[in-house]
Amino acid sequence: MAQPAKPLRHAWDVTAAEAVAIQQRLRTQIQLTPLQQPVRLIAGVDTGFTDEGRTARAAIALYRFPELEPLECVTALDPVRFPYVPGLLSFREIPVVLKALEQLGQRPDLLLCDGQGIAHPRRVGIATHLGLVTGISSIGVGKSRLTGHYREPGQDKGDRSPLMAGSERIGTVLRSRSGVRPLFVSPGHLVTHQEAVDWVLRCLTRYRLPEPIRMADRIASARGTKK
DNA sequence: GCGACAG
DNA sequence: ATCTTGTCGC
């Protein structure tokens, strides 16, 4: 017998209006509290696109701290189901990131995400969203500004200035390397502003991006190393 | 109405 | 994000 057409929908298949409503609810759960456990496992998270933007590829690179020794890398592919809309990035990238996270053999103590944490119009950037969904402490590391005002920080590595939204602090504009464009660091969930900056600094080597994210970036874009 | 706008 | 070679600068 012919079955009645069922509207097959995935949990993450929402409209832009629904996404905003979800963010407004999630916003109330954010906790900018100090880390409650020693950080031994740090995961860098990033997403890339291929197939003319129809397929998303998430990459997660796990590192042991303080050695910054690479432990394992996992990836996941998923068809894109949500367009890029400034402010709603997490609804486009989180599904495939969760898929990759499930393949990780160990649970990270901290997530370093490519994108904003609370430095977002409704305070729910992808790092915050991911932290709320997983319960894992998370930090947002954006390569450019989404929202907020700031004074240009000094040109030396470590120089910084607060990222503000009115009188509220939403992050830190941090020079991760002398002479390069600054990073926009903000707490995702379960970490403080100070810790967010400290952990990004502790994961830096000789590049602009902290090592875990830099590695995830290369793997997600699948073109950093020509085989 | 006119800009701004993570990846 | 992605399309793309060489080139300028420390």
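Chain letters run A, B, ... following the sequence lines, proteins first and then strands; every chain starts at 1.
Closest to the A:Leu146 side chain, of the nucleotides B:dC5, B:dG7, C:dT2, is B:dC5.
Residue-level contact check: A:Gly142 touches the backbone only, with heavy atoms under 4.0 Å from sugar-phosphate atoms and none from bases. Nucleic acid contact class of A:Leu88 (heavy atoms, under 4.0 Å, all strands): base. Across all strands shown, A:Gly179 has no heavy atoms under 4.0 Å from either base or sugar-phosphate atoms. Using a 4.0 Å heavy-atom distance criterion, A:Tyr84 is classed as a base contact.
If you take CG of A:Asp46 and C1' of C:dT2, they are 13 Å apart, rounded to a whole angstrom. If you measure from atom NZ of A:Lys157 to atom P of C:dC10, you get 20 Å, rounded to the nearest angstrom. A:Leu89 has its CG atom 12 Å from the C1' atom of B:dC5, to the nearest Å. A straight line from NZ of A:Lys143 to P of B:dC5 spans 15 Å, rounded to a whole angstrom. For the pair A:Phe49 CZ and B:dA6 C1', the computed distance is 11 Å after rounding to whole Å. Here B:dA4 presents its C1' atom at 7 Å from CZ of A:Arg145, a figure rounded to the nearest Å. Nucleotide B:dC5 holds its C1' atom 13 Å from the CZ atom of A:Phe184, rounded to whole Å. Going from atom CG of A:Asp51 over to atom P of C:dA1 covers 18 Å, rounded to whole Å.
Here A:Asp156 does not pair with A:Arg175 in a salt bridge; the nearest charged N to carboxylate O distance is not below 4.0 Å.
Residue A:Ser144 places at least one side-chain N or O closer than 4.0 Å to OP1 or OP2 of B:dG7.
Of the inter-residue distances, the one linking A:Arg25 atom CZ with A:Arg122 atom CZ reads 14.0 Å to the nearest 0.5 angstrom.
No donor-acceptor pair under 3.5 Å is formed between the side chain of A:Thr205 and the backbone N or O of A:Glu211.
Between A:Phe184 and A:Tyr150, the ring planes are perpendicular. Angles over 60° get that label, and only those under 30° would be called parallel.
Other residues, nucleotides and ligands contribute only 12 or fewer heavy atoms inside 6.0 Å of the CD atom of A:Glu52.
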